[in-house]
Every structure is written in C-alpha cells, then in structure tokens.
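The analysis underlying the following values was restricted to heavy atoms, covering all of them including side chains, and did not include hydrogens, waters or symmetry mates.
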Amino acid sequence: MPNSIIQKGRDNQMDNIVLVTFKQEQPLNAVVERFRGQPVTDEYTVLQASVLRKLSGRIVREQDYRFAEDADTRHLTNDLIDSVVSVMSGPIGSLIGGYRGPLTDAARNAKEIVEEFGLLETIASKLNENEWALLALVREHNEISLSSRLNALGASAVVRKDAALVAYEVMNARAIRSEWEERGGALDVDSADDALKESIREELRERARRGSFEQEETVRESLRGDFDYLQNKFSGSRSSSPRNP
C-alpha cells in the first residue's frame, strides 16, 4: 500500500470517547456483543467500554469491558474511562445533571452541543432516568459509518468528543471538587441550590475554554500507543476471520 494512503488513514482517525444512549436494554446488549465480537474493524477500534445507567438521579456503572488486558499495555486509557465514570457517579456528576435548557433542544446538532457544553455535562443531561448508556473509548476511522451502525442496532443517541479533551474535562472537574471542599467541606448534593449547580457548570465550561495543550498531547500520545497495540494484537485474527456485513 502506498505511503500516502497509509498517512491519509492515520490523518483521518480520531481517538474519541463515544456516548451511546439506549431507551431499552436489548439494543444495548446488541451493541456490546458487536464490540466484544469485533473490537477491531476497518471502521473502528474499541479499547474499553462501560455500561452506565441512571437510577434515582444518580449515574451508576453496571459493567466494564476491556479489550487489551495484557501485561504489555500501559492502561492509561483504562484509567481515563474509569475517571469519567468516577466523576459522573460522584457529587459533580449529580450537581451538573438535571439541566435541560439548550442541551436538550432537538433543533441543535448533537456535536455542536458537546463542543459547547462538554461531554461530562452532556452525559449528565442526555442519560435519562432508568435508561442505559455505553461509554466507549474508540479510535474511529469513519464517524458517520459507526454512528449509522449504532443507530441501526437501536441506539437512541450517539455523541462523541476527542478523548484528550475529555481527559482535560475530568481534570477540571476533580480540581473544582477539591477547591469547593477546601473552602466549605464536602459537597452536599441534596441541599445544593440552582445557583450552586449553575456556578459549577459555568466553571467547568470556562476552564474547558482555556485548554491545556501539553496535557492534551500527553494523553494523545498514550492513546496512540494503546490503540496501535490493540490493532496489532487483532490484525492476525482479522485477516483469517470473515467480516460482518
């Protein structure tokens, strides 16, 4: 294969955290089985996925799936998904949830919403009570193609964001929690008023706008290594196994 084609493929790939929501458990299971059977395809590579559900207003983790659990992997990417889930199942996740506003405006493009408000806030608002979500760390070669496949399997919504930017969101959420608790003790979700909730949401948005090039590039470098490892691990089985239509 010519080097120009190889380089073009690398330029087009994106390492994203993808949020897929489901109103029913059956389509969720169908997507999980697809990823478990084929974590590496020409369209995507899935490194890790977690099943989430919102119960009594709180986001809980129901199951984890990892596709590169060998001693040779660096596991930074596993820590990334775990960190997102930890934030969303903790007080910050509860405090930023429940905001309906423009996040649920059907006329707005989902990608536009994630870029403006961040993935953490989108998870808190898009995942409805008693519904499920799959949070996956994915290298995508064709975002439209993967979204189409997920929708065909029964997903109700598919949104994504650059995994390195999500890592920065997580870092900011942890810093905000630490700063609030240093000033006034543990965050009390039950007694928090709307002003406090909006203050935390706005602080998350403001810090995300500042960006951190060095931190984002460090995450991207680790992601490249972990995804390349998984793709190489499965390259032999892919060449000898038939592809799903």
Side-chain angles (χ1 to χ4, degrees), residues 9-21 31-32 35 39-41 43-52 59 61 64-69 73-89 92-93 96 110-124 126-127 133-147 150 155 157-175 204-205 207-234:
R10 288 175 179 168
D11 291 343
N12 289 341
Q13 70 191 19
M14 284 292 297
D15 296 340
N16 294 323
I17 290 185
V18 181
L19 173 71
V20 192
T21 59
V31 171
V32 168
F35 283 165
V40 178
T41 73
E43 297 171 358
Y44 63 80
T45 298
V46 186
L47 197 65
Q48 184 197 8
S50 290
V51 175
L52 310 178
I59 293 175
R61 183 197 332 235
D64 287 328
Y65 299 95
R66 291 184 171 91
F67 307 105
E69 280 295 295
T73 57
R74 283 176 284 179
H75 297 287
L76 177 139
T77 46
N78 292 344
D79 292 341
L80 176 54
I81 287 286
D82 287 344
S83 296
V84 174
V85 176
S86 176
V87 168
M88 296 313 303
S89 61
I92 292 292
I96 66 176
K111 181 178 179 181
E112 179 183 306
I113 292 172
V114 173
E115 288 177 349
E116 183 172 347
F117 295 98
L119 189 68
L120 298 184
E121 212 173 325
T122 303
I123 294 171
K126 283 286 188 183
L127 185 55
L134 190 70
L135 191 66
L137 183 54
V138 187
R139 169 169 287 178
E140 298 187 80
H141 306 286
N142 188 326
E143 293 181 356
I144 295 175
S145 178
L146 179 57
S147 292
L150 294 171
V158 182
V159 294
R160 53 179 53 79
K161 189 171 183 179
D162 182 336
L165 298 181
V166 177
Y168 188 56
E169 285 188 46
V170 168
M171 183 184 76
N172 290 334
R174 286 175 162 174
L204 278 170
R205 297 167 192 167
R207 295 191 188 203
R209 285 191 285 267
R210 297 174 196 166
S212 174
F213 178 80
E214 290 184 3
Q215 194 266 351
E216 291 164 15
E217 286 305 303
T218 297
V219 174
R220 287 195 177 93
E221 181 61 30
S222 294
L223 288 169
R224 278 192 289 269
D226 287 346
F227 275 115
D228 288 346
Y229 173 86
L230 184 60
Q231 288 176 322
N232 292 332
K233 175 182 175 182
F234 280 87

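Comment: R205 does not engage E116 in a salt bridge, judged by the lack of any side-chain N to carboxylate O separation of less than 4.0 angstrom. Ion pair R207/E169 not flagged as a salt bridge, since none of the NZ, NE, NH1 or NH2 atoms sits closer than 4.0 Å to an Asp/Glu carboxylate oxygen.
Across all non-hydrogen atoms, the minimal contact from Y44 to H141 is N-CD2, 3.8 Å. Closest of all the heavy-atom pairs between V138 and F227 is C-CZ, 3.6 Å. Here the closest heavy-atom approach between residue N172 and residue A208 is recorded as ND2-N, 3.8 Å. In this structure, G93 and A124 approach most closely via the heavy-atom pair O-CB, 4.1 Å. The two residues A173 and I92 come nearest to each other via the heavy atoms O-CG1, 4.0 Å. Scanning both residues, S50 and I81, for their nearest heavy atoms gives OG-CG2, 3.5 Å.
The CZ atom of R61 sits 9.5 Å away from atom CG of L135, with the distance rounded to the nearest 0.5 Å. To the nearest 0.5 angstrom, E140 atom CD is 4.0 Å from R160 atom CZ. Note: I17 CD1 to L165 CG = 10.0 Å, rounded to the nearest 0.5 Å. Separating the CE atom in M88 from the CD1 atom in I96 is a distance of 4.0 Å, to the nearest 0.5 Å. Interatomic distance, OG of S222 versus CD of E217, reported as 11.0 Å (0.5 Å rounding). The distance from the CG atom of L47 to the CZ atom of F35 is 12.0 Å, given to the nearest 0.5 Å.
Taking A155 as the reference, V20, F22, L150, N151, V158 meet the side chain to side chain contact (heavy atoms under 4.5 Å, CB included) condition, with sequence neighbours excluded. With sequence neighbours excluded, the residues forming a side chain to side chain contact (heavy atoms under 4.5 Å, CB included) with A167 are L80, Q215, V219, listed by chain and number.
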Start with the C-alpha gap between R174 and S86, add the side-chain angles, then the distance that decides, and say whether side-chain hydrogen bond (donor to acceptor under 3.5 Å, both in side chains) holds.
CA-CA 10 Å; R174 286 175 162 174; S86 176; 5.0 Å; no
Assess the residue pair D226 and R139 against the criterion (salt bridge (charged side-chain N to carboxylate O under 4.0 Å, His left out)); give the C-alpha distance rounded to whole Å, side-chain angles, the decisive distance to 0.1 Å, and a yes or no.
CA-CA 10 Å; D226 287 346; R139 169 169 287 178; over 6 Å; no
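No side-chain heavy atom of T122 sits less than 4.5 Å from a side-chain heavy atom of K161. Side chains of L19 and L127 form no contact here, defined as non-hydrogen atoms less than 4.5 Å apart. Taking 4.5 Å as the limit, every side-chain heavy atom of V46 sits out of range of all side-chain heavy atoms of L137. With contacts defined as side-chain heavy-atom distances shorter than 4.5 Å, the pair Q13/T45 does not qualify. In this structure, the side chains of D162 and M14 come closer than 4.5 Å at one or more pairs of heavy atoms. By the 4.5 Å heavy-atom criterion applied to side chains, V84 and V166 are counted as neighbours.
Within the 3.5 Å criterion, the main-chain N or O of V18 finds no donor-acceptor partner in the side chain of N16.
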